[in-house]
Amino acid sequence: MGEQNHHSTEQDLIQNRIDKMARIRGRGDEPFKYTFGRSCSIDGARAAFEQAEAQTDDPGQIDVRATLAGRMIAFRGHGKSSFADIRDASGSIQVYFNKKGLGQDAYDALHDLDIGDFIGVSGKIKRTRMGEITVFADSCTVLAKSLRALPEKYHGLTDIETRYRQRYLDLVANPEVLDTFRKRVAMIGAIRGWLTDRGFLEVETPMLQPIPGGAAARPFVTHHNAYDCSLYLRVAPELYLKRLIVGGFEKVFELNRNFRNEGVDAKHNPEFTMLELYEAYQDYLGLMDETEELLLHVIRTCVGGTVFSYQGDTIDAAPPWKRMTLFGAIREFAGIDLEQINDRNEAAKLAQEAGVEVEPAMGYGKIVDEVMAEKVQPNLVQPTFLYDYPVELSPLAKQKRGNPALTERYQVFIGRLELCNAFSELNDPIDQRERFMAQMKLREQGDEEAQRLDEDYLHALEVGMPPTAGLGIGIDRLAMLLTDSASIREVVLFPLLRTV
RNA sequence: GGACGGGUAGCUCAGGUGGUAGAGCAUCGGACUUUUAAUCCGGUGGCCGCGGGUUCGAGUCCCGCCCCGUUCACCA
């Protein structure tokens, strides 16, 4: 009730709600309660009512009461009676208020509620004439006042920038966003469960590293004051995890954040989540089987089967998945054979004939990689393993048995997304030192992403690492795939945006 | 970094050729005891992304800048 307020700028909308808070306090009530005893969740109440309904033919006999809490997301006033919808994490339910149930004073106090407020209600659950399961409230209390208007009920919040910058609004206004992130949580849980069941131990290795290694990427640099030294945010945990294999761990994994100081687009966020696992006495062929098993387990858990759609494509992940050599795939999709070519210029010529642009700075390995990305990857909708990559592209992978130009490495693609990278780990310290030297040379030639020589890592290999296979899975991309999201920003709660 | 698209009320969006900024929802007041995008009547609400310029007059035209998106470049 109270004074007239004819304004409605944003500040006025807020002031209006502050005034309502004051009126609530004026009645001796507290607009920000400390606790509230719910009898159950909203979905729980709904289920209890439906169960009671199923056990009787006479609706009048049903006597289910509930005390529920949630955010009021809609309010429809009708004078002497009113309807509200409240929502908690489990779901939403309609609440009916009238003077008879609440009493005059409590009914009048509804005027000081706003959409967005958290409220607690209790009452008997019944169906309305329209069949809607409804709490007929005999009490209602404000639990936390909301001072700002929620986005519009019908269109929701669609402005992408606001959705990412103020994710809390996105989550409130767009329930399907909450679902997406719940799926991500379930996916990660499925991965951890599968690995733990098979004896993999989850470990944590440094995020702050003196030498950023394990991937070809530019790092973020920071400074440690007490030691007065530069440190880098890790681009990968790989070299530390393999040190653990040297030390005697046989099955380890780490599922955590990596940081790469690179551009942002629909498939890249500067911080992203990666699973890396290492298994001693295993090679890439055995790990391929395990990768398929793990991903199948995750897909079945998250989509309830093997068939799902991604960005308009129907994907059937029923095993066995297609396996092609990288060069075989290039033959099939680009129509050129780069396998027997070891001359950089000849490879460049063939690539250009296939319609792939080649820069003068690109070496043989880079050309192969480019042909793969341009001509092969766009065809890899169904789950596909590509294996046996050129040694130039894979400085941490073991040479292929019988062909030193290749490494025992594979990648997994689904829905045109590159999801996994794995190989038989290079454990020959002499070979590894030569690979590092080749990388150093690239670095001197201006390749900022070439890997750096890590003397302690070589020392570890010299101590001796058992035969080992390692796998990396891009968790964000897997989440994109399983939630049918076109952009990585849809599966990262707070994606990086420019600070304004 | 380049190209293209976008930025107008709290939210969702309209605003030919330059001429007093609009709608729906939300909000405020009124009516209404079974609505569910409730309905009906009446009202409030604007740095039109920011800064220059052209013009009698700019949301609209020109220049610069900021932010977002798509794409290319770059990139596991």
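Letters A, B, ... mirror the listed sequences (proteins, then strands); counts begin at 1.
One cannot find a donor-acceptor pair under 3.5 Å joining the base of B:U35 and the side-chain atoms of A:Tyr96. In this model, no side-chain donor or acceptor of A:Glu132 finds a partner on the base of B:U35 within 3.5 Å.
Comparing the P positions of B:G24 and B:G45 gives an interatomic distance of 16 Å, to the nearest angstrom. The gap from the C1' atom of B:A21 to that of B:U60 amounts to 12 Å, rounded to the nearest Å. When the P atom is compared between B:A14 and B:G7, the two are found 8 Å apart, to the nearest whole Å. Comparing the C1' positions of B:U55 and B:G42 gives an interatomic distance of 40 Å, to the nearest angstrom. Between B:G64 and B:C75, the two C1' atoms lie 31 Å apart (nearest whole Å). Nucleotides B:U36 and B:G10 have their P atoms positioned 29 Å apart, rounded to a whole Å. If you take atom P in B:C61 and the same atom in B:G15, they sit 13 Å apart, rounded to whole Å. Comparing the same atom, P, in B:U8 and in B:G49 gives a spacing of 6 Å after rounding to whole Å.
The existence of a salt bridge linking A:Asp313 and A:Arg416 is confirmed by a sub-4.0 Å separation between a basic side-chain nitrogen and an acidic carboxylate oxygen. Remark: A:Glu10 engages A:Arg148 in a salt bridge, criterion side-chain N to carboxylate O under 4.0 Å. Between A:Asp476 and A:Arg184 there is a salt bridge, since a side-chain N of the basic residue sits under 4.0 Å from a carboxylate O of the acidic one.
Within the cation-pi definition used here (under 6.0 Å to the ring centroid, within 45° of the axis), A:Arg234 does not qualify as a partner of A:Tyr240.
Under a 3.5 Å cut-off, the side chain of A:Glu276 and the backbone N or O of A:Leu241 do not form any donor-acceptor pair. A side-chain donor-acceptor contact under 3.5 Å links A:Arg167 to the backbone of A:Val492. Within the 3.5 Å criterion, the main-chain N or O of A:Glu449 finds a donor-acceptor partner in the side chain of A:Asp447.
A:Glu370 meets the side chain to side chain donor-acceptor pair (under 3.5 Å) test with no other residue; sequence neighbours excluded. For A:Arg243, the side chain to side chain donor-acceptor pair (under 3.5 Å) partners at least two apart in sequence or on another chain are A:Asp454, A:Asp456. Partners of A:Glu53 under the side chain to side chain donor-acceptor pair (under 3.5 Å) rule, at least two apart in sequence or in another chain, are A:Arg127. In this structure A:Phe83 satisfies the ring-ring contact (aromatic ring centres under 6.0 Å, His included) test together with A:His78, A:Tyr96, sequence neighbours excluded.
For A:Asp12 and B:A26, the CG to P distance is 18 Å, given to the nearest whole Å. Atom NZ of A:Lys267 and atom C1' of B:C74 are 15 Å apart (whole Å). Between the C1' atom of B:A37 and the CG atom of A:Asp85 lies a distance of 11 Å, rounded to the nearest Å. Separating the OH atom of A:Tyr154 from the C1' atom of B:U36 is a distance of 13 Å, rounded to the nearest angstrom. With rounding to whole Å, A:Glu374 atom CD is found 12 Å from B:C75 atom P. If you take CD1 of A:Ile488 and P of B:G69, they are 13 Å apart, rounded to a whole angstrom. Atom pair A:Leu442:CG and B:C75:C1' shows a separation of 16 Å (rounding to whole Å applied). As a whole-Å value, the separation of A:Asp265 CG from B:G1 P is 15 Å.
When distances run from any side-chain atom of A:Leu497 to the nucleotides B:G69, B:U34, B:C75, the shortest one goes to B:G69. Taking the side chain of A:Glu449 as heavy atoms from C-beta on, and the options B:C74, B:C75, B:U36, the nearest nucleotide is B:C75. Here the nucleotide nearest the side chain of A:Lys153, chosen from B:C67, B:U36, B:A37, is B:A37. You'll find that the side chain of A:Thr134 is closest to B:U35, out of B:C74, B:U35, B:C68. For A:Arg165, taking side-chain heavy atoms from C-beta onward, the closest of the listed nucleotides B:C67, B:C74, B:U36 is B:C67.
At a threshold of 4.0 angstrom between heavy atoms, the contacts of A:Arg87 with the nucleic acid are absent. A:Phe136 comes within contact range of at least one nucleobase, with a heavy-atom separation under 4.0 Å. At the heavy-atom level, A:Lys126 lies nowhere under 4.0 Å from the strands shown. Within the 4.0 angstrom heavy-atom criterion, only backbone atoms of the sugar-phosphate kind lie near A:Arg489; the bases stay farther away.
Using bins of under 30°, 30° to 60° and over 60° for the plane-to-plane angle, the ring pair A:Phe385/A:Trp321 lands in the tilted bin.
Contacts between residues 66-81 of chain A and RNA chain B, defined by a heavy-atom separation below 4.0 Å, involve A:Arg76, A:Gly77, A:His78, A:Gly79, A:Lys80, A:Ser81, listed by number.
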- Quick one: do A:Tyr154 and A:Glu152 satisfy side chain to side chain donor-acceptor pair (under 3.5 Å)? Show the steps, please. CA-CA 6 Å; A:Tyr154 188 53; A:Glu152 197 215 7; over 6 Å; no
- Base-contact (B) and sugar-phosphate-only (S) positions in nucleotides 5-13 of chain B, heavy-atom cut-off under 4.0 Å, - elsewhere: -----SBSS
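Base-pair partner of B:U71: B:G2 (Watson-Crick or G-U wobble, both distances under 3.5 Å). Pair assignment for B:U34 gives none, since no Watson-Crick or G-U wobble pairing has each distance under 3.5 Å. Pair assignment for B:G42: B:C28, on the basis of Watson-Crick or G-U wobble contacts that are both within less than 3.5 Å. Nucleotide B:U20 forms a pair with no other nucleotide shown, judged by Watson-Crick or G-U wobble geometry with both contacts under 3.5 Å. Applying the Watson-Crick and G-U wobble criteria (two distances, each under 3.5 Å), B:G57 pairs with nothing in any strand. For B:C65, the paired base is B:G49 (Watson-Crick or G-U wobble, both distances below 3.5 Å).
Each of A:Ala215 and A:Phe97 has a nearest nucleotide on RNA chain B; the 5'-most of these lies closest to A:Phe97.
Considering only side-chain N and O atoms, A:Arg498 lies under 4.0 angstrom from the phosphate OP1 or OP2 of B:C68.
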